[in-house]
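Working notes, structure below.
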There are 2 protein chains.
Amino acid sequence: MTSAPETKLLQTAQRLFCSEGIHATGVARIIREAGVARKTLYDKYGSKENLLRAVFRAEADMWFRWFDQDLPGTGADARGRILYLFDLLQHWFESGSFFGCVFINAVAEHEKEGGWVRGIALDHRRRINERLLSLVVEAGVEDADLATEKLSLVIDGAIVTAMVTANPSVAAIGRATAADIIDHALLGRAH
Amino acid sequence: MTSAPETKLLQTAQRLFCSEGIHATGVARIIREAGVARKTLYDKYGSKENLLRAVFRAEADMWFRWFDQDLPGTGADARGRILYLFDLLQHWFESGSFFGCVFINAVAEHEKEGGWVRGIALDHRRRINERLLSLVVEAGVEDADLATEKLSLVIDGAIVTAMVTANPSVAAIGRATAADIIDHALLGRAH
DNA sequence: GGTCAAGGAGACCGATCGGTCTACAAAAAT
DNA sequence: ATTTTTGTAGACCGATCGGTCTCCTTGACC
């Protein structure tokens, strides 16, 4: 059974927006590679912009699956789950369909002052950092807010570096850096 | 005295490519805001793509000024110079003309497989990491290659986070993370 | 003062953009 | 079996894209 046109469009757009860029991807190519009529795209999504919003939602869902299902499923302690997040990142980088984070990429190629895209990316970032923070707090870190900001920065750095270098193993660099951050913060507590 | 058309074009392109995106910036807007004739752009640069290459060169020059002039000018030791790099980053973020790294942004909005843009960004990255590595070695870090990769990742993370959040103080987060990395590595040596 | 290159203003080109619309086939619902 | 929905194929629209070209002005140089 072949997926519904709506799903096919979403998956094709997700792939093309990330691998080729959003502006560089015309609707003609999306519908051709999705094997779908032009009218169907506009019946389902109304505009290219709304299709992009759907891609945003899809990638956000991936992150929430990580936090709400995969991480708890490990049974590890908070520190272990934070580090396991980087294993999930590596898995993403290795998937063959990784060409950067669609939020970051979208901000990069849209107007940064007054545009709607940056607002959506900020929302996403805020929600991710909430989840991160609760892990950091559970790990018993001293200055949890600072450690969370550090980890968030490392995650973004790993994503961008993986996009530029096309080398999935940068996730391990991120993981080691995260360990430095956490262990330094835990040391500060003991002392 | 007003700058030469060539300079005006380069500065305008640098600003617009970063703040609005490369594909989203038409040559009509570049020449309008540069106050220059369309023909002049094509006399000087030949194409929009070549203008982008010139913008790449300009941003690379900024980094090399940092490494070859600003950092040695501090007179600090290697660890201090590495940390001072994040003060330079903060200065960049605060400049009002910061809208992300043009290399990263360009990769984000161009084809990632087989395109020429990613190659240029990789070259830039490699040259920056060379400079970083020599600082890390001078700092006396144990596994200098690993520490360099970590620092490079943190730099990219700071740049991207500053672009998305428009908050220059993330440079301080990056600086603190860099300190975690270096101190952890120096600790490993002592032990 | 005459010459000539540099640059501005803007018409113009083919291609492509996002988006709309019509015509028709397949399938689902009744 | 008939109606209604869903989707495809593709013509078509105005706008904009990057790039070329002509015409004209300006200012530096001899």
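Chain identifiers are assigned alphabetically (A, B, ...) following the order of the sequence lines, protein sequences preceding nucleic acid strands; residue numbering begins at 1 within each chain.
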Quiz item: Which nucleotide in the list dT8(D), dG19(D), dT20(C) gets nearest to the side chain of Y42(A)?
Solution: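 In terms of side-chain proximity for Y42(A), the closest of dT8(D), dG19(D), dT20(C) is dT20(C).
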Exercise. Report the nucleotide, chosen from dG7(C), dG7(D), dG19(C), that has the shortest atom-to-atom distance to any side-chain atom of P5(B).
Key: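 So the nucleotide nearest the side chain must be dG7(C).
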What is the distance from [atom1] of [X] to [atom2] of [N], rounded to the nearest Å?
{"X": "L52(B)", "N": "dC17(D)", "atom1": "CG", "atom2": "P", "value": "17 Å"}
{"X": "Y45(A)", "N": "dG18(C)", "atom1": "OH", "atom2": "P", "value": "17 Å"}
{"X": "L9(B)", "N": "dG18(D)", "atom1": "CG", "atom2": "C1'", "value": "15 Å"}
{"X": "D43(B)", "N": "dT22(D)", "atom1": "CG", "atom2": "P", "value": "13 Å"}
{"X": "R38(B)", "N": "dG18(D)", "atom1": "CZ", "atom2": "C1'", "value": "7 Å"}
{"X": "L41(B)", "N": "dA6(C)", "atom1": "CG", "atom2": "P", "value": "16 Å"}

Could you tabulate the donor-acceptor pairs under 3.5 Å formed by side-chain atoms of residues 99-113 of chain A, not counting sequence neighbours?
unit_1: N105(A); atom_1: ND2; unit_2: F99(A); atom_2: O; d: 3.0
unit_1: E109(A); atom_1: OE1; unit_2: H23(A); atom_2: N; d: 3.0
unit_1: E109(A); atom_1: OE1; unit_2: H23(A); atom_2: ND1; d: 3.0
unit_1: E109(A); atom_1: OE2; unit_2: I22(A); atom_2: N; d: 2.6
unit_1: H110(A); atom_1: ND1; unit_2: A106(A); atom_2: O; d: 2.7
unit_1: K112(A); atom_1: NZ; unit_2: V107(A); atom_2: O; d: 3.4
unit_1: K112(A); atom_1: NZ; unit_2: A108(A); atom_2: O; d: 2.8
unit_1: K112(A); atom_1: NZ; unit_2: H110(A); atom_2: O; d: 3.3
unit_1: K112(A); atom_1: NZ; unit_2: C18(B); atom_2: O; d: 2.5

Practice problem: Verify the cluster assignment for L146(A) and V137(A): are they in a single hydrophobic cluster under the rule of side-chain heavy atoms below 4.5 Å apart? | Solution: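 In one cluster: no.
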Is there a side-chain polar atom (N or O) of [X] under 4.0 Å from OP1 or OP2 of [N]?
{"X": "K39(A)", "N": "dG7(D)", "result": "no"}
{"X": "K44(B)", "N": "dG7(C)", "result": "yes"}
{"X": "T40(A)", "N": "dT8(D)", "result": "yes"}

Practice problem: Strictly below 4.0 Å, heavy-atom distances to any atom of DNA chain D: list the hits from residues 12-35 of chain B, or just say none. | Solution: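 Per residue number, the list reads T25(B), G26(B), V27(B).
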Quiz item: Is there a side-chain contact between R131(A) and L135(A), using heavy atoms and a 4.5 Å cut-off?
Solution: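 Counting from C-beta outward, R131(A) and L135(A) never come under 4.5 Å.
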Quiz prompt | Polar side chain donor-acceptor pair, T148(B) to N129(B), under 3.5 angstrom | solution =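 Distance-only check fails for T148(B) and N129(B).
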Quiz item: Between R125(A) and S152(A), does any side-chain donor sit less than 3.5 Å from a side-chain acceptor?
Solution: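 There is such a pair (donor and acceptor under 3.5 Å, judged by atom type) between the side chains of R125(A) and S152(A).
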Quiz item: Rounded to the nearest 0.5 Å, what separation is found between the CZ atom of F67(B) and the CD1 atom of I128(B)?
Solution: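 The CZ atom of F67(B) sits 5.0 Å away from the CD1 atom of I128(B).
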Practice problem: To the nearest 0.5 angstrom, please state how far the CG atom of L83(B) sits from the CZ atom of R81(B). | Solution: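 Interatomic distance, L83(B) CG to R81(B) CZ, rounded to 0.5 Å: 11.5 Å.
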